[in-house]
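Dropping the structure in here first, questions after.
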Amino acid sequence: MITVNTIDELLKATSTFKGSVGFVPTMGALHEGHLSLIRQARKENDSVVVSIFVNPTQFLEGEDLDAYPRKEEADAKICELAGVDILFMPTAQMMYEKDELSIIAPAIRGFILEGTKRPGHFDGMLQIVMKLLNLIAYNKPSAFRAYFGKKDAQQLALITQMVKNYFINVQIVPCDIVRDKDGLALSSRNLYLSKEERVRALSLSRSLKRATELVMQKEFDTSTIITEMKKVLTEVEVEYVVLVNREFKPIEQVELGNTIILVAAKVGTTRLIDNLWI
Ligand code: PAF
């Protein structure tokens, strides 16, 4: 594995690639969820690039940019063991100039749910993903795939739309949520949870399990499902429970094969999200 810190080094390293390239963008503090994306990228491509960059433009004022977990040494070891070819770790100065053009997330997908709670977050996220995709595509690999987790469902929907709207030559590969044995969806933010909060956090995945049971009993009415889910979400501060279609439009009835059930809640001071694709 080569670790590169500058854009020149990255472009030089990717210029030697032959065949397909799989790319996994991350903000570091890698866990089993990231590893599953890397493993899939490794399986499906000739070369694999991982980026670690805690992108300042997707953090809002007062959010935890400085407190965001940074574990560069451990992350590099994980990447090496997982067979990554290039680890790209740029600085903010390298990725941004002053007074840049911005990308604005569209209203429907960008300003509901996570967008309401974190206005501007998706603009910054799209901006960095566009930059990273363009950098990896620069040397024109024969095929280019980028891997994103379904856990950040709204992020995934927006990236898919950006790639389509801006004709970016990359295949976006959605990857399944990875969970701990007890059901908690893996997230770098889980590191912030105390033992007691971690137990309370399990109600998110439990509420999604309850929704699955209801759908299996042919209960398709979304308001009934939401009410039942909220009964499970008693020990957390619920921000939203919602059912949308794959285009992120709210729905009244579950459409099998085209529904995502999303939940966001605060456990102590930690904000967690989880979802289920049915
Ligand atoms: O999901 C993340 O970790 C980030 O939003 C991403 C896609 C790496 C962009 O900074």
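Atoms within a ligand are numbered from 1 in the order they appear, just like the ligands themselves.
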* Ion pair K266/E239, N-O distance below 4.0 Å -> no
* Asked: Can you list the atoms of ligand 1 that are under 4.0 Å from a heavy atom of Q155?
  ->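 Answer, ordered by atom number: 1 (O), 2 (C), 4 (C), 5 (O), 7 (C).
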* Identify which one of R179, E32, H34 satisfies the side chain to side chain contact (heavy atoms under 4.5 Å, CB included) criterion when paired with L186. =>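 Single pass found, and it is E32.
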* ligand 1 N/O within reach of Q58 N/O, cut-off under 3.5 Å ->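 Min N/O separation from ligand 1 is below 3.5 Å for Q58.
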* To do: Scan side-chain atoms only and decide if E235 and S203 contain a donor-acceptor pair under the 3.5 Å cut-off.
  =>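 Not at all, the side chains of E235 and S203 share no donor-acceptor pair under 3.5 Å.
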* Asked: Are K151 and D176 within salt-bridge range, i.e. N to O under 4.0 Å?
  -> no
* To do: Looking only at non-hydrogen atoms, find the nearest pair between L156 and P174 and report the distance.
  => CD2-CB, 3.6 Å
* Relative to ligand 1, is T26 under 4.0 angstrom through side chain, backbone, both or neither, heavy atoms considered? ->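 Backbone only; the side chain of T26 stays clear of ligand 1.
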* Asked: For atom 3 (O) of ligand 1, which protein heavy atom lies nearest, and how many Å away is it?
  -> M27 CG, 3.6 Å
* Atoms of ligand 1, numbered as shown, that sit under 4.0 Å from any heavy atom of I128 -> 9 (C), 10 (O)
* Asked: Can any side-chain N or O of R145 pair as donor or acceptor with the backbone N or O of F23 at less than 3.5 Å?
  -> no
* To do: Would you mind listing which atoms of ligand 1 come within a distance below 4.0 Å of any non-hydrogen atom of M125?
  =>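 It comes down to these atoms of ligand 1: 5 (O).
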* **Heavy-atom nearest option to atom 8 (C) of ligand 1, drawn from P25, G33, S188** =>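 Selected option, by shortest heavy-atom distance: P25.
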